[in-house]
Amino acid sequence: MTPETATEGGRSPDRFSTTRWSLVLACADSTSREATARKALAELCKIYWRPVFAFISRRGYSVPDAQDLTQDFFLMVLDGDMLKRADPSRGRFRSLLLKALQNFLVDDTIRKRARKRGGDMKFVSWDDWMAEAPSHLAISAREAETWSAEKIYDVRWAATAVEHALRQLGEECENRGRRRVFDVLSDCLAAERQDVSYQKFSKTLNVPEASVNRLVHELRLRYRDLLRAEVAQTVEKPEDVDEELRYLCAALTAAVT
């Protein structure tokens, strides 16, 4: 994620209205389209489980307990309690999910109700999901102990958004027969222009430097579009996208500096 990402032009309101979180909020008080909203919410939860798990772990729970609590929390969310209480004035999925998670961890009654409703049902298979969506962001043991649970949650959220956009870009490149181009150039997508060694990548890909320059430019543009679209899925209004991008960019920048 780069600072200039947060200043790209917005999408049209008509296209924005079909994003997942705006759909969830629009259907919060409706029964006619609730199944569609629940599907959209489930997709968001499956993408953003890692920040929730990281938050719970930072609160002092063991890995097995944190896994169980993450499962229970998402089952509660998908059961409809959070959907029915969704407040359009708090239109960021990240913020609303964190507030619900904080309430969940301090209210033993909520946790027991979630466990009772979920039974042995699993929201996600941990081994399969971690293999399918690995994170490349490493948080050291010292940082894990000194950062607040809220900071870890935000950093993990930002990293998830970036990694999901990059996975989509990689899949697009693979479908176009450009997987090697993506694998070689993906690390420089967020780098400053002066930090990119076009000569080195030219030799690796066996193409002229001018072609590397063009490829990097094209990949950056597409990556920024995908990242913007990813963040748009988690806010209610199109005017919220730039602010959320800036917030997540700042969280990730602070984590790696």
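Residue indices begin at 1 and follow the sequence shown. Remember, it's a predicted structure, so these values are computed and weren't measured experimentally.
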Exercise for review: Take W157 and F55, measure what ring-ring contact (aromatic ring centres under 6.0 Å, His included) needs, and give me the verdict at the end.
Suggested key: CA-CA 10 Å; W157 192 283; F55 182 92; over 10 Å; no
Point to revise | Verdict with supporting geometry, L189 and L166, side chain to side chain contact (heavy atoms under 4.5 Å, CB included) | key: CA-CA 10 Å; L189 294 183; L166 284 173; 3.7 Å; yes
Check your understanding: Given the rule in the side chain to side chain contact (heavy atoms under 4.5 Å, CB included) test, do L97 and V77 qualify, once you have shown the distances and angles that lead to the verdict?
Key -> CA-CA 9 Å; L97 197 67; V77 169; 4.3 Å; yes
Review point. Would Y247 and D154 count as a side-chain hydrogen bond (donor to acceptor under 3.5 Å, both in side chains) if you check the C-alpha gap in whole Å, the side-chain angles of each, and the deciding distance to 0.1 Å?
Key: CA-CA 9 Å; Y247 183 88; D154 282 344; 2.5 Å; yes
Review point. So L105 and Y61, side chain to side chain contact (heavy atoms under 4.5 Å, CB included) or not? Walk me through it.
Key: CA-CA 11 Å; L105 291 178; Y61 293 94; 4.2 Å; yes
Check your understanding: Hey, mind stepping through R59 and E150 against salt bridge (Lys or Arg N to Asp or Glu O under 4.0 Å) and telling me if it holds?
Key -> CA-CA 10 Å; R59 283 294 181 90; E150 288 76 11; 3.6 Å; yes
Exercise for review: Begin with the C-alpha distance, continue with both residues' side-chain angles, and end with the deciding distance and a verdict on side chain to side chain contact (heavy atoms under 4.5 Å, CB included) for D72 and M76.
Suggested key: CA-CA 6 Å; D72 292 345; M76 181 203 73; over 6 Å; no
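Nearest heavy-atom pair, C173 versus L219, reported as atom, atom and distance to 0.1 Å: SG-CD2, 3.7 Å. Between L44 and W21, the shortest heavy-atom distance links the atoms CD1-N, 3.9 Å. Counting all heavy atoms, side chain and backbone alike, F93 lies closest to C45 at CZ-SG, 4.3 Å. Of all the heavy atoms in K46 and W49, the pair that sits closest is O-CD1, 3.0 Å. Nearest heavy atom pair, residue A251 against residue V155, reads O-CG2, 3.7 Å. The minimum heavy-atom distance linking F73 with V52 is given by the pair CD2-CG1, 3.9 Å.
Annotation: the span from R220 atom CZ to L227 atom CG amounts to 14.0 Å, rounded to 0.5 Å. For the atom pair OH of Y153 and OG of S95, the computed distance is 7.5 Å after rounding to the nearest 0.5 Å. Remark: R50 CZ to I152 CD1 distance equals 13.5 Å, nearest 0.5 Å. Interatomic distance, D240 CG to L245 CG, rounded to the nearest 0.5 Å: 11.0 Å. Distance check, rounded to the nearest 0.5 Å: CH2 of W147 to CZ of R58 gives 11.0 Å. L185 CG to R180 CZ: the interatomic distance, rounded to the nearest 0.5 Å, is 9.5 Å.
Side chains of D242 and R246 form a contact here, defined as non-hydrogen atoms less than 4.5 Å apart. The shortest side-chain heavy-atom distance between I56 and L101 falls under the 4.5 Å cut-off. Within the 4.5 Å cutoff, the side chain of R92 has heavy atoms near those of the E243 side chain. Looking at heavy atoms from C-beta onward, F53 lies out of side-chain contact with L69 at the 4.5 angstrom threshold.
Side chain of R94 to main chain of A158: no donor-acceptor pair is present (N/O by atom type, distance under 3.5 Å, no hydrogens or angles). At distances below 3.5 Å, at least one donor-acceptor pair connects side-chain atoms of Q233 with backbone N or O atoms of R20.
Remark: E230 engages I47, Y48, A161, H164, Q168 in a side-chain contact (heavy atoms from CB on, under 4.5 Å) (not counting sequence neighbours). By the side-chain contact (heavy atoms from CB on, under 4.5 Å) test, V207 pairs with L205, S211, V212, sequence neighbours left out.
Residue pairs meeting the salt bridge (charged side-chain N to carboxylate O under 4.0 Å, His left out) criterion with at least one partner in residues 196-218, sequence neighbours excluded, are R178-E218, R214-E218.
Atom CG of N206 sits in a sparse spot, with 12 or fewer heavy atoms from other residues, nucleotides or ligands closer than 6.0 Å.
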